[in-house]
Engineer: 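One structure coming up, written as structure tokens, with questions to follow.
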Number of protein chains: 2
Amino acid sequence: MSNPRITLKDLARELQLSPSTISRAIAGHPAISESTKKKVRKKAEELGFVPNSIAAGFRKKRTHSIGVIVPQIDIHFHSLVISGIEDLAYREGYNITIFQSKDSIEREKEIAKILQNRSVEGIIVCLSNETKSYTHFKKLVKLGIPIIFYDRVPLDFQANKVVIDDFGSAFKATEHLIEQGCQRIGHIAGNQGTSIFKHRFEGYKAALQAHDIPYDPNLVLETQNLSYEEGASCAHKFIASPQIPDGIFCSNDYTAISAVQVFQKAGLKVPEQTAVVGFSNYPISQVIQPNLTTVNDRAYQMGEAAAKLLIRQIEDEDNAIDFETITLKTDLVIRESSLRKK
Amino acid sequence: MSNPRITLKDLARELQLSPSTISRAIAGHPAISESTKKKVRKKAEELGFVPNSIAAGFRKKRTHSIGVIVPQIDIHFHSLVISGIEDLAYREGYNITIFQSKDSIEREKEIAKILQNRSVEGIIVCLSNETKSYTHFKKLVKLGIPIIFYDRVPLDFQANKVVIDDFGSAFKATEHLIEQGCQRIGHIAGNQGTSIFKHRFEGYKAALQAHDIPYDPNLVLETQNLSYEEGASCAHKFIASPQIPDGIFCSNDYTAISAVQVFQKAGLKVPEQTAVVGFSNYPISQVIQPNLTTVNDRAYQMGEAAAKLLIRQIEDEDNAIDFETITLKTDLVIRESSLRKK
DNA sequence: AATATTTATGCAAACGTTTGCATAAATAAT
DNA sequence: ATTATTTATGCAAACGTTTGCATAAATATT
């Protein structure tokens, strides 16, 4: 049989005071005498009183709860984002209720309803792949619940967003290959229906153009899921082409790594014959041989920025803050797979 | 200005009924007529009423909330466990409030208090590295809050635990090397102060003994953190030894991978000259060349099992369930790094 | 001593549900 | 027509805090 939890009323009974006095004493209210405060705190400690934030929150209409919806927790990118969110939230006295949408719009809608039901004060969400309409989120915004979208964000309605500079990152990555002497640069692209990958493709093209290198559509291969297998397939296509590219910018690390491995198996030297750059700085990228040059997309910082923006919006009581978009710069982590010269 | 949230009282006013009738109608109580139920549900839908589970939970003394404490969310093992927990919890109508202890006993104690404060109905926790005393958890158990420990579990007090069969897994991994013809088998061990790694070491020894292979302490190298660097260092020590081992069982994938790479750099053929087996089946293990044979420690299933056990304990009202330990079997995923013969 | 002001504590309503018991209306039985 | 039973809805307390306002006691001023 468990011990029942101690309440303010229990302390009140013990000390022959009223629950409102106990509540104020514990909160350090100036109208309560120091001696009463001392007495109450001592007895609270003695009996193991822990405030019931459900009851307090119910009265004050505050939950200090943030809902987080990610496609999958075990995808490294998202686990870094969540880690960044939790660290910031913990420091600010908020806690995180987490859900996976599993890239299902139906599950995402159900979760949105659950979060309303649970009175979260704000939401951070990476949209599911299937999400094309956002009424389930618009409804919550209308109720005054701020929402921050990260990574996959809605394009056609105003919202708070935290994204990375995909265009600029791709530009820099491609530019790096050019600076390493590459002239015939290929691109393994992500699904162009997803704006992230579209921007990466645009950045790649812009860098070529900026350096007077003609864009050759035959050097761009589009994948659906940027999977390891698709990367290998693209690498084989490059090898089979009349003129093998001497540099490749890949939209994620998996395709970059598989490309590297296919080239090596085919006897192509990386980076001497073909330099390769990936995207996302997964832990894998510093383990494979040669170590992979890759864009560090700062997922942890993305999480921190999203949580900071959300808490600012929660605590802005007059709702004066307009929608905001934070675009994080990235770093290019230069490793062996693209280094020809210093 | 946001729209205020619709309550039972609002519906009551609209329909000229009492809030208790509205509550019962929405809940489908048999004492309420079908026509009233229909009318109430229609109006609820029309006005966008969503039940307030904070208020309902306050009255019923239920939160349907589970607290989860992991050392770090972005460690792949833990992100898989959390994914397993969330999937099971979502299906059972519970939600997950997540915290990182950052391997700090102080932060863990603070989090335990926060979870009491928030009236979670149960807790799943992987103890921080620093945790040597458990009063902060014992106190919660005494209040009737069930706690499931996973992976790093307390040894000297009765608790619910979900672990893997470290001994049996290590035995099987070592046995596999023996079956592949290895006779001089080394071990890169984890910190022996952690029972997980101690059991792995014991399993390794037991397999040698079971096959009449003498245990040679010179073939066992202990690390502190099983880091990539420590793995490389151990590999160098093996290379410098008078007789290089022809098989190595490593306590995690990072050390296995770095060992493989050091051997390859030194001209040793893996697995022909030295076969290598890792532990944890990180995504890395199927990417490196040769692909790594490794123990799949089924972190996702560990999460599911922990959540299932916890919810069973939460919903067992007479508290008749004794403490329980679930030991998950693992699979040995045989890949190139250990295959000499079929 | 009487009056005014300040200090410290208490009362009770409130938050939004749920639910035991009460009561009015409808229906059935005599 | 009267009485008994059933049906459907309502009242109000409860959950554990917080807080506006009330009040008693202590202190200061005249």
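Only a predicted model underlies this, so the values are computations on that prediction, with no experimental measurement involved. No hydrogens, no waters, no symmetry mates; every other heavy atom, side chains included, goes into these values. Every chain is numbered from 1 and lettered A, B, ... according to where its sequence line falls, protein lines coming before strand lines.
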Engineer: Indicate the ring-plane relationship of A:H78 and A:Y150, choosing parallel, tilted or perpendicular according to the 30° and 60° boundaries.
Structural biologist: perpendicular
Engineer: Going by the angle between their ring planes, with limits at 30° and 60°, are B:F58 and A:F58 parallel, tilted or perpendicular?
Structural biologist: tilted
Engineer: Please give, in whole Å, the distance from C:dG16 P to A:R118 CZ?
Structural biologist: 17 Å
Engineer: Base, sugar-phosphate alone, or nothing: which one does B:S23 contact when heavy atoms must sit under 4.0 Å apart?
Structural biologist: base
Engineer: Taking A:K42 first and then A:E45, would you say they form a salt bridge - that is, a charged N and a carboxylate O separated by under 4.0 Å?
Structural biologist: no
Engineer: Side chain of B:F58 only, please: which of C:dT18, D:dG10, D:dC15 is the nearest?
Structural biologist: D:dC15
Engineer: Using the side-chain heavy atoms of B:T21, tell me which of these nucleotides is nearest: D:dT18, D:dG10, D:dC15.
Structural biologist: D:dG10
Engineer: Parallel under 30°, tilted from 30 to 60°, perpendicular over 60°: which one fits the rings of A:F149 and A:F137?
Structural biologist: perpendicular
Engineer: A:H29 has an atom NE2; how far is it from atom P of C:dG10, in whole Å?
Structural biologist: 14 Å
Engineer: Between atom CD1 in A:I22 and atom C1' in D:dG16, what is the gap in whole Å?
Structural biologist: 13 Å
Engineer: Distance only, no hydrogens: is a donor on one side chain within 3.5 Å (strictly under) of an acceptor on the other, for A:S83 and B:Q100?
Structural biologist: yes
Engineer: Do any side-chain nitrogens or oxygens of A:K61 fall under 4.0 Å of OP1 or OP2 in C:dG16?
Structural biologist: yes
Engineer: For the pair made of CG in B:N52 and C1' in D:dC15, what is the distance, rounded to whole Å?
Structural biologist: 13 Å
Engineer: Using only heavy-atom distances, decide whether a donor-acceptor pair under 3.5 angstrom links the side-chain of A:R59 to the base of D:dT17.
Structural biologist: no
Engineer: As a test of reading the structure: which of C:dT17, C:dT9, D:dT17 is closest to the side chain of A:L8, going by heavy atoms?
Structural biologist: D:dT17
Engineer: Want to settle it: does A:R5 or B:R24 sit nearer the 5' end of DNA chain D, counting the closest nucleotide to each?
Structural biologist: B:R24
Engineer: Rounded to whole angstroms, how far apart are NZ on A:K38 and P on C:dA8?
Structural biologist: 14 Å
Engineer: Using purine N1 to pyrimidine N3 plus N6-O4 or O6-N4 for Watson-Crick, or N1-O2 and O6-N3 for G-U wobble, each under 3.5 Å, what pairs with C:dT17?
Structural biologist: D:dA14
Engineer: Let me know the distance between CG of B:L17 and P of C:dT17, rounded to the nearest Å.
Structural biologist: 15 Å
Engineer: Could you tell me whether A:I54 contacts a base, only the sugar-phosphate backbone, or nothing, with contacts defined as non-hydrogen atoms closer than 4.0 Å?
Structural biologist: nothing
Engineer: Report which part of the nucleic acid A:A31 touches: base, sugar-phosphate, or nothing (heavy-atom distance under 4.0 Å, all strands).
Structural biologist: base
Engineer: So does B:R152 pair up with B:E108, basic N to acidic O under 4.0 Å?
Structural biologist: no
Engineer: Considering every strand and a 4.0 Å limit on heavy-atom distances, what is the contact class for A:S53: base, sugar-phosphate, or nothing?
Structural biologist: nothing
Engineer: Which part of the nucleic acid, if any, lies within contact of A:S20, taking any heavy atom under 4.0 Å across all strands shown: a base, the sugar-phosphate backbone alone, or nothing?
Structural biologist: base
Engineer: Side chain of A:A55 only, please: which of C:dC15, D:dT17, D:dG10 is the nearest?
Structural biologist: D:dT17
Engineer: When the distance from NE2 of B:H64 to P of C:dT17 is rounded to whole Å, what number comes out?
Structural biologist: 16 Å
Engineer: OP1 or OP2 of D:dT9 less than 4.0 angstrom from a side-chain nitrogen or oxygen of B:S33, does that happen here?
Structural biologist: yes
Engineer: I need the CD1-C1' distance between A:I26 and D:dT19, as an integer number of Å.
Structural biologist: 15 Å
